[in-house]
Amino acid sequence: MKKSVSILLVLLALVTPLFATGATEAKDAGPITIWAWDPNFNISIMNEAISRYQANNPEATFEVVELAKADVEQKLHTNLASRTTQGLPDIVLIEDYNVQKYLTSYPGQFADLTSSFNYNDFVGYKADVMKLDGKYYGVPFDSGVSGLFYRTDLLEKAGFVPKDLENITWNRLADISKEYKAKTGEYFLANGKDDGGLFRIMLQSAGSWYFDNKGQPDLIGNAALKEAMQIYKRFVVEDLALPTNGWTEWVSAFNSGKVASVTTGVWIIGSIKAAEDQSGLWAVAPTPRLSTAASVNASNLGGSSWFVLQNGASKDKAIAFLKEVYGSDKDFYQTILVNNGAIGSYMPAFKGDAFAKKDAFFGNRAIFADLSKWASMVPKVNVGQYTYEADAAVMGVMEDFYTGKTSIDQTVEAAQKQLVNTIQ
Amino acid sequence: MAHEKQLNRTGWFFILPSSILLLFFIVYPIFYSFYLSFTSTRGIVSQFVGFKNYVRMFGDPMFFLALKNTFTLLLIQVPIMLVLSITFAAVLNNKKVRFRGFFRTAIFLPAVTSLIAYSILFKMLFSYDGLINNTLLSLSIIDSPLQWMTTPKLATFVLILAMIWRWTGYNMIFYLSAMQNISEDLYEAASIDGASKVRTFFTITIPLLKPIILFTTVMSTIGTLQLFDEPMNLSQGGTTSSMVGPDNVFLTLSVYIYNICFKYTPNFGYAATVSYAILLIIALLTFVQFTLSRDKEEVMRRRIEKETKKMVKEGLR
Amino acid sequence: MNIKPKIGSFLLYAFLSVSAFFSIFPFFWIIIGSTNSALDIQKGKLSFGDQLITNFTKLFGESDMGRALFNSAKIAILTVFLSLLVTSMAAYGFQMYKSKAREKTYSFFLLTMMIPFASLMIPLFQIIVVFRMLNSHLAIILVASISVFMIFFFRQSFVNYQTEILQAARVDGAGELRIFFTIFFPSMRSTYAAGAIYAFMTSWNAYLWPLIVLQSNDKRTATLLISSLSSSYTPDYGVIMSGIALATLPVIVVFFAFQKQFVQGMVGSVKQ
């Protein structure tokens, strides 16, 4: 009895690896696989695109894989770095700040789409992002044009009017936050003091960036950077912003009504609208500007684009799909504007009437007319491929600046030193 | 003779499956990683740079920050946890304590949770409006919520607390098991001679537990030096934020390597270099711990002999 | 005069009770949390709610939790079988057939425990691709079965084994393999049980390697699923709590079922 049990166990152990299934390879017969993040925005929009395409091409099948943004980026790295040709998606979403990084790190891995699309139809600075050695590699997707989104009802309660938020400076916003907090006991906005999002908005509003035109670290003597740092310090030291840790906490801050505003890219609208009970109570003002002369009340944060993998199993089908919807369907862009607040980069669509529509969630205001107007005002910057390194270098030294351990010049120098080392 | 040869072959045969797995999945990667450490790569574009990566590492502020963070955790968390583990083990080894089984199971239970699950839990507990702040507020211990996860020192505290919660029971089981192998006679002899419980603990129990203490210290050191899952998940994690934890306190060496590979422009060569730095540190520390224990062993042995002789002499008088 | 032992005893039990409370509280919190709505959890509610069914429905409806649980179980069980076999055989080989060369090999094995996973990550991934095991559970099972810690654990447990029985069997003409499986293995039940629990727990809770290897959502493990639920854009904490509860439950069940053998096995492994 014991003997046969032992033998059985051994056989089982030896045979079990056979049950573990290996990767299935789908040749062009398989579905078009898409990797993306954010179910309220990117994925929801992609699903809309898919249903439009399938109306005309019923035999097309798709598989949309939703992952956290960090996971999409990490998986893309591990797959491309290992030079595998199996298990790759056909279409992948890449944030604009990362595009050049992927293009230069994995040459030949992304499909050259220069001849498949007319890049003159796309907004200039978006198309530039995916250009390498004269060729274009992606399909520009959403603009990250920013706005100061706020709750009209909470603003009123504190004794302010919408005009108080129009075309102001960041310092003025900080002052308003102070008064708001004094009057209501709540925070006007939420911000992770380690999060470089607002920082980038501030920099771009002044046509400035972490790097100069030649791609060299440009932190020392950067007036916009200095002011951005000082404003961050105000938020922290004067306790003007609700401290949040990570995306989820930050979103739930305005979803739950704990804060009255959020200044970020237009892609936040999907998340704002997730709190259905707040419908009708929101509005949007122009992005605050810095005090330096070059700064305007318009900026951009993020924005992504779709890329096709050269070695994806259904590459050609993927390109055809993207072309038919993202590359020519003006009506598609109207729909996603209204439903998701997505301002695409396909300029022919801008003439559509959805842009003039009034949005009930935003108090029946034509917010997209405003947002697309600001989109045209956004200063162009060359974001290069080292944005996250710069982000880390700057944010990494901010804590000492907050506590007063280092002066502003010392802080900037430390950041520069780190950045130079990182991009070796 | 032939029989011995056959036995020898059989010996190798038993080790064969593990060896094959090891060869492919550990030995080959470690050598390839070594080669990688001498290249500077950008994705799949690589370039041989000799020792440049190592030079770069010595001038890299972020590397030293990661090193500092990792060592801070090591020097604070490991000793506290091991002392707690051994204390619990000593208490629960005492047959006079009631409900031992319950306490033992309760304290060990955290060890069955996944690192993800408990990181998420602690993050929720210590968030700005989480349970901990609410409890402290209602007990009037604090008058405004503490920013646990966004203040550098507090965040480190949360990480250390979480790790202690998770691993104390695990190590306690090792100590308990070892203690149960210590003969009762030794304790009886000591108590007959009037030695206090505390004295017995330090002169008999600890020396006899030395091998297991060394083992748990080495394993905990290696584990903490490689720490990844907890800091990643307690912080925002991934590439969505500029920093890993407030003021980068959660940037451990392994997280730094992960960032070099997946957050910044992927330089797998430099990442390999930094990982070899970790390897060397681990090797060094392990060697130091083993050497220290060997010397102590001699000292300990002589002490035990001296104490036993003294007790016997007093007993005979 | 007699107060002292009573105070000491009181302090002792207080210490133990507080420690036990801190250790178990999170588990209560998970169970309570899975019966409450996300809002209540955030408010800090500590009593049972009525959202259990809702949470579970959402959990299974919005994610493939059932599939993930199955994947975790499949990987864990297969890992237990393979790793027990491979590591105990290695430990047996090292302990029962001592030789200088093998001792050196053993030391080399132990040294590999010091290698941080970060060093192995990328080359390991490349090898998996070469073997066409990307996005497969096999890659996870194979890598998990290398556990040098388990080899160490088994070897320590074998140290005090009475080898006379094996000698006797040899004299009777039994083959070495047969001796291992029919005589040795059945006599070390508690050791194998402890090893099985360790292997099961480690496999079930694994994160980074599965994260890197598994590409498609249908291959995900429960641990990966929970991680993605909590980093999703609008996490529902009620759902997450019930997910954690469900994902932690199997390990707890396995542990409680084999608790006695586990302790016995641990005791046996640290005998000097």
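Letters A, B, ... are given to chains in the order of the sequence lines, protein chains preceding strands, and every chain is numbered from 1.
Using a 4.5 Å cut-off between heavy atoms, C:Phe125 does not touch chain B at all. If you measure heavy-atom distances from C:Phe108 to chain B, the contacts under 4.5 Å come from the side chain alone. The contact between B:Val112 and chain C is made by backbone and side chain atoms together, counting heavy-atom distances below 4.5 Å. Neither the backbone nor the side chain of B:Tyr175 comes within contact range of chain C, judged by heavy atoms closer than 4.5 Å. For C:Phe149, the part lying near chain B is the side chain, with the backbone staying farther off; criterion is any non-hydrogen pair under 4.5 Å. In this structure, chain B has no heavy atom under 4.5 Å from any part of C:Trp204. The contact between C:Met113 and chain B is made by backbone and side chain atoms together, counting heavy-atom distances below 4.5 Å. Both the backbone and the side chain of B:Val97 come within contact range of chain C, with heavy atoms under 4.5 Å apart. Heavy-atom distances place the side chain of C:Leu46, and not its backbone, under 4.5 Å from chain B. Of the atoms belonging to B:Ser18, heavy atoms from both backbone and side chain fall under 4.5 Å from chain C. For B:Ile222, the part lying under 4.5 angstrom from a heavy atom of chain C is the side chain only. With a 4.5 Å cut-off on non-hydrogen atoms, B:Ala272 does not touch chain C at all. Of the atoms belonging to B:Ile257, it is side-chain heavy atoms, and not backbone ones, that fall under 4.5 Å from chain C. Only the side chain of C:Thr105 comes within contact range of chain B, with heavy atoms under 4.5 Å apart. With a 4.5 angstrom heavy-atom cutoff, B:Leu92 touches chain C only via side-chain atoms. There is no contact between B:Phe34 and chain C, counting heavy-atom distances below 4.5 Å. Within the 4.5 angstrom heavy-atom criterion, only side-chain atoms of B:Ile120, from C-beta onward, approach chain C. Both the backbone and the side chain of C:Ile115 come within less than 4.5 Å of a heavy atom of chain B. Within the 4.5 angstrom heavy-atom criterion, no atom of C:Phe21 approaches chain B. Using a 4.5 Å cut-off between heavy atoms, B:Ile282 contacts chain C through both its backbone and its side chain. For C:Leu12, the part lying under 4.5 angstrom from a heavy atom of chain B is the side chain only. Contacts of B:Ser19 with chain C are made by both backbone and side-chain atoms, with heavy-atom separations under 4.5 Å. At a 4.5 Å heavy-atom cutoff, the contact between C:Tyr198 and chain B is made by side-chain atoms alone. With a 4.5 angstrom heavy-atom cutoff, B:Leu131 touches chain C only via side-chain atoms. At a 4.5 Å heavy-atom cutoff, the contact between B:Phe25 and chain C is made by backbone and side-chain atoms alike. For a residue to count as touching a neighbouring chain, one of its non-hydrogen atoms must lie under 4.5 Å from one of that chain's; by this rule C:Ala222 does not touch chain B. Both the backbone and the side chain of C:Leu120 come within contact range of chain B, judged by heavy atoms closer than 4.5 Å. Proximity to chain B (any heavy atom under 4.5 Å) is shown, for C:Leu111, by neither the backbone nor the side chain.
Atom CZ of B:Phe13 sits in a sparse spot, with 12 or fewer heavy atoms from other residues, nucleotides or ligands closer than 6.0 Å. Counted within 6.0 Å of OH on B:Tyr35, heavy atoms from surrounding residues, nucleotides or ligands total 12 or fewer; the atom is thus considered open.
Ring centroids of C:Phe258 and C:Phe262 are separated by 6.0 Å or more, keeping the two rings apart. A ring-centre distance under 6.0 Å is not found for B:Trp165 and C:Phe22. Taking the six-membered ring for Trp and the full ring otherwise, the centers of B:Phe14 and C:Phe180 sit less than 6.0 Å from each other. Taking the six-membered ring for Trp and the full ring otherwise, the centers of B:Trp12 and C:Tyr97 sit at least 6.0 Å from each other. For C:Phe255 and B:Phe108, the distance between ring centers is under 6.0 angstrom. Aromatic ring centres of B:Phe174 and B:Phe215: separated by under 6.0 Å.
If you tally non-hydrogen atom pairs under 4.5 Å between each of B:Ala117, B:Gly169, B:Pro110, B:Ser254 and chain C, the highest count goes to B:Pro110. Annotation: maximal heavy-atom pairing with chain C below 4.5 Å, among B:Leu109, B:Leu36, B:Asn134, B:Val274, occurs at B:Leu109. For the options C:Tyr106, C:Phe117, C:Phe200, C:Phe152, heavy-atom pairs under 4.5 Å to chain B are most numerous at C:Phe152. Highest contact tally toward chain B, considering only C:Phe131, C:Phe15, C:Trp29, is held by C:Trp29 [criterion: heavy-atom pairs under 4.5 Å]. Residue with the most contacts toward chain B among C:Ile244, C:Thr112, C:Leu124, C:Thr248: C:Leu124 (heavy-atom pairs, distance under 4.5 Å). Ranked by heavy-atom pairs shorter than 4.5 Å toward chain C, the options B:Met179, B:Arg98, B:Gln180, B:Lys96 are led by B:Arg98. Ranked by heavy-atom pairs under 4.5 Å with chain C, the list B:Phe88, B:Tyr28, B:Tyr276 is led by B:Phe88. Annotation: maximal heavy-atom pairing with chain C below 4.5 Å, among B:Tyr32, B:Phe24, B:Phe103, occurs at B:Phe103. Most heavy-atom pairs under 4.5 Å with chain B: of the set C:Ile151, C:Leu224, C:Ile127, this distinction falls to C:Ile127.
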Checking side-chain hydrogen bond (donor to acceptor under 3.5 Å, both in side chains) for the pair B:Asn8/C:Arg102: CA distance, chi angles, key distance, verdict? CA-CA 10 Å; B:Asn8 190 36; C:Arg102 268 185 285 279; 2.7 Å; yes
Please lay out, stage by stage, how C:Ser72 and C:Arg220 fare under the test side-chain hydrogen bond (donor to acceptor under 3.5 Å, both in side chains). CA-CA 8 Å; C:Ser72 284; C:Arg220 270 198 298 206; over 6 Å; no
Apply ring pair (Phe, Tyr, Trp, His ring centres under 6.0 Å) to the pair C:Tyr92 and C:Phe184, showing each step before the final yes or no. CA-CA 9 Å; C:Tyr92 186 79; C:Phe184 180 76; 4.7 Å; yes
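Under a 3.5 Å cut-off, the side chain of B:Asn171 and the backbone N or O of B:Trp167 do form a donor-acceptor pair.
Shown here are the side chain to side chain contact (heavy atoms under 4.5 Å, CB included) partners of C:Ser190, two or more places apart in sequence or in another chain: C:Gln261, C:Gln264.
Once rounded to the nearest 0.5 Å, the distance linking CD1 of C:Ile30 with CG of B:Leu121 reads 4.5 Å. Distance CG/B:Leu161 to CZ/B:Phe126: 5.0 Å, rounded to 0.5 Å. Between the CD1 atom of B:Ile212 and the OG atom of B:Ser177 there is a distance of 7.5 Å, given to the nearest 0.5 Å. Note: B:Ile116 CD1 to C:Tyr207 OH = 4.5 Å, rounded to the nearest 0.5 Å.
With respect to C:Arg170 and C:Glu176, a salt bridge is recorded, a charged nitrogen being found less than 4.0 Å from a carboxylate O.
Looking only at side-chain heavy atoms (C-beta outward), C:Phe154 and C:Phe94 stay at 4.5 Å or farther from each other. By the 4.5 Å heavy-atom criterion applied to side chains, B:Thr252 and B:Phe228 are not counted as neighbours.
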